[in-house]
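Encoded as structure tokens, the structure appears first; notes follow it.
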Amino acid sequence: MSINSLDHTEITSVSSKWDYKDETASSIPTSQKKKAETRRRIEILRDIRASGLTLEEAEDLGLLH
């Protein structure tokens, strides 16, 4: 599909129906957000351990902050 074949009026009408509230995750409780962040960090640490990198090497590569 070419960018020139897009119907810009249709795209504009659809985008005007979007609600900013739909794009935010404010309805998710803070505890669930923290649990998800913790799970992601544990996964990253497991991947680093499996790859044989040290924590210092992972930090140097930007895998950990």
Practice item. Measure across Ile28 and Lys33 and return the closest heavy-atom pair with its distance rounded to 0.1 Å. Key: O-CE, 3.5 Å
**Study point:** Student check: side-chain heavy atoms of Ile48 and Thr54 closer than 4.5 Å
**Key:** no
Point to revise | Leu63 and Glu57, any side-chain heavy atoms less than 4.5 Å apart | key: no
Study note, to complete from the structure: Value for CZ (Arg41) from CG (Leu45), rounded to nearest 0.5 Å, stands at 5.0 Å
Point to revise | Distance, nearest 0.5 Å, that separates CD of Gln32 from OG1 of Thr30 | key: 9.5 Å
Review point. Applying the 4.5 Å side-chain criterion to the ILVMFWY set and letting contacts propagate, would Ile44 and Ile42 be lumped into a single cluster?
Key: no
